[in-house]
Amino acid sequence: MENEFLRIENLPKLATRDKPLVLRANEHERQALAKRAAIPAFEFFETTLRVTPNGTGTFRISGKFKARVTLVCSRSLKEFTSKIDEDFSEIFITPDQYQKLADEGIEERDDYEVFEDENVDLGEMAAQLLILAIDPFPYLEGDIPEKIATSGVRVLSEEQARTEKSPFAKLKNLQKKT
């Protein structure tokens with residue numbers, strides 16, 4: 001597997017840095033990431049992060065990633081642009097720390113990553129987090145597929161669906177009486 005956004009960095013060295021680290025994907029990397037994520041395009045992708053020591057052999061990597069992506073509406077199949085702007089925090093531990101946790105009987109958890117040496121691919125970490133942040137069923141607000149709009153089927157907005165009487169409204173009334 002090709003690493004689309006390779007950014008190998010030294011964690012102890014970054015932990016002493018005063019300024020946050022900014023990682024930006026170039027055009028080629030964005031195209032490769034879009035292919036991996038199975039979306040039409042990444043128009044922009046940037047991650048800003050800080051590395052702080054979090055105990056012996058443990059580092060916290062926290063920051064924010066921003067992206068502008070082209071998605072396909074799962075209702076109408078029309079393409080549209082969406083922005084992603086999310087904070088993240090990850091904990092990286094050494095194999096020794098991992099073994100210590102295992103010896104203490106703490107089960108493996110998803111909230112930390114084990115790293116072998118002082119160098120970690122922060123680009124891959126950011127790419128994975130970004131891909132997880134993409135809505136798996138994106139839809140363009142207010143977009144109604146052509147087939148539904150012309151078929152005579154009445155389509156309600158979310159607000160209409162909440163306010164109109166549902167078939168269960170009478171059941172709610174019965175529940176209140178008992």
Side-chain angles (χ1 to χ4, degrees), residues 1-75 77-141:
M1 178 179 89
E2 177 192 339
N3 191 328
E4 301 89 352
F5 190 51
L6 182 68
R7 299 294 191 281
I8 307 252
E9 298 287 344
N10 182 285
L11 292 184
K13 185 177 175 183
L14 285 177
T16 63
R17 187 178 162 129
D18 290 336
K19 295 180 180 179
L21 177 66
V22 178
L23 307 174
R24 272 187 205 93
N26 64 35
E27 178 68 27
H28 176 73
E29 292 166 329
R30 291 192 315 269
Q31 287 176 359
L33 282 168
K35 184 176 179 181
R36 177 177 171 186
I39 64 171
F42 274 98
E43 298 170 24
F44 173 78
F45 175 37
E46 177 181 275
T47 302
T48 304
L49 57 89
R50 283 194 178 275
V51 177
T52 53
N54 200 31
T56 306
T58 306
F59 294 91
R60 176 175 299 277
I61 301 171
S62 55
K64 177 182 280 277
F65 57 86
K66 295 180 180 186
R68 193 170 47 253
V69 297
T70 301
L71 301 174
V72 176
C73 178
S74 59
R75 293 177 181 172
L77 302 180
K78 293 179 185 174
E79 288 189 3
F80 67 98
T81 301
S82 179
K83 290 182 181 178
I84 299 172
D85 186 350
E86 292 200 14
D87 296 324
F88 67 88
S89 181
E90 295 286 309
I91 297 175
F92 281 74
I93 64 173
T94 62
D96 293 340
Q97 283 296 101
Y98 175 79
Q99 189 59 49
K100 183 178 176 184
L101 291 173
D103 291 344
E104 293 173 0
I106 298 174
E107 293 181 25
E108 184 174 347
R109 301 182 339 214
D110 288 336
D111 59 350
Y112 58 75
E113 297 285 334
V114 178
F115 66 100
E116 293 296 325
D117 59 19
E118 295 178 341
N119 297 320
V120 171
D121 186 352
L122 297 178
E124 177 61 18
M125 175 203 70
Q128 288 179 12
L129 292 170
L130 174 62
I131 290 170
L132 287 172
I134 296 171
D135 185 352
F137 302 104
Y139 69 92
L140 190 54
E141 193 67 40

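- Evaluation of the ring pair (Phe, Tyr, Trp, His ring centres under 6.0 Å) rule for Phe45 yields Phe5 as partners, not counting sequence neighbours.
- Counting only heavy atoms from C-beta outward, the side chains of Leu140 and Leu71 never approach each other to under 4.5 Å.
- With sequence neighbours left out, the side-chain contact (heavy atoms from CB on, under 4.5 Å) criterion links Asp121 to Asn3, Leu6, Arg7, Ile8, Glu124.
- Leu132 is linked by a side-chain contact (heavy atoms from CB on, under 4.5 Å) to nothing, counting only residues two or more places apart in sequence or in another chain.
- Across Ile39 and Thr70, no two heavy atoms sit closer than the pair CB-O, 3.7 Å.
- For Glu46, the side-chain hydrogen bond (donor to acceptor under 3.5 Å, both in side chains) partners two or more places apart in sequence, or in a different chain, are Arg24.
- Annotation: the span from Lys19 atom NZ to Leu14 atom CG amounts to 14.5 Å, rounded to 0.5 Å.
- For Lys64, the side-chain contact (heavy atoms from CB on, under 4.5 Å) test picks out Lys66, Asp85, Asp87, with sequence neighbours left out.
- Residues Val120 and Val51 are not in side-chain contact: their nearest non-hydrogen atoms beyond the backbone lie 4.5 Å or more apart.
- Two residues are said to be in side-chain contact when any heavy atoms from C-beta on lie closer than 4.5 Å; Ile61 and Leu11 meet this criterion.
- A pairwise comparison of heavy atoms in Pro53 and Ala15 identifies CD-CB, 3.8 Å as the closest pair.
- Atom CD1 of residue Ile93 and atom CG of residue Asn54 lie 10.5 Å apart, to the nearest 0.5 angstrom.
- With a 4.5 Å cut-off on side-chain heavy atoms, Thr47 and Phe88 count as touching.
- The shortest distance between side-chain heavy atoms of Ile84 and Phe42 does not fall below 4.5 Å.
- Exactly one residue among Arg68, Lys83, Arg30 makes a salt bridge (Lys or Arg N to Asp or Glu O under 4.0 Å) with Glu43. That residue is Arg68.
- Annotation: side-chain contact (heavy atoms from CB on, under 4.5 Å) contacts of Asp135 (sequence neighbours excluded): Phe137, Pro138.
- Atom CG of Leu21 sits about 5.0 Å away from atom CG of Leu49, to the nearest 0.5 Å.
- For the atom pair CD of Glu4 and NE2 of His28, the computed distance is 9.0 Å after rounding to the nearest 0.5 Å.
- Checking side-chain atoms of Glu29 against main-chain N and O of Asn26 turns up a donor-acceptor pair under 3.5 Å.
- Here the side chain of Arg60 pairs no donor or acceptor atom with the backbone of Thr52 at under 3.5 angstrom.
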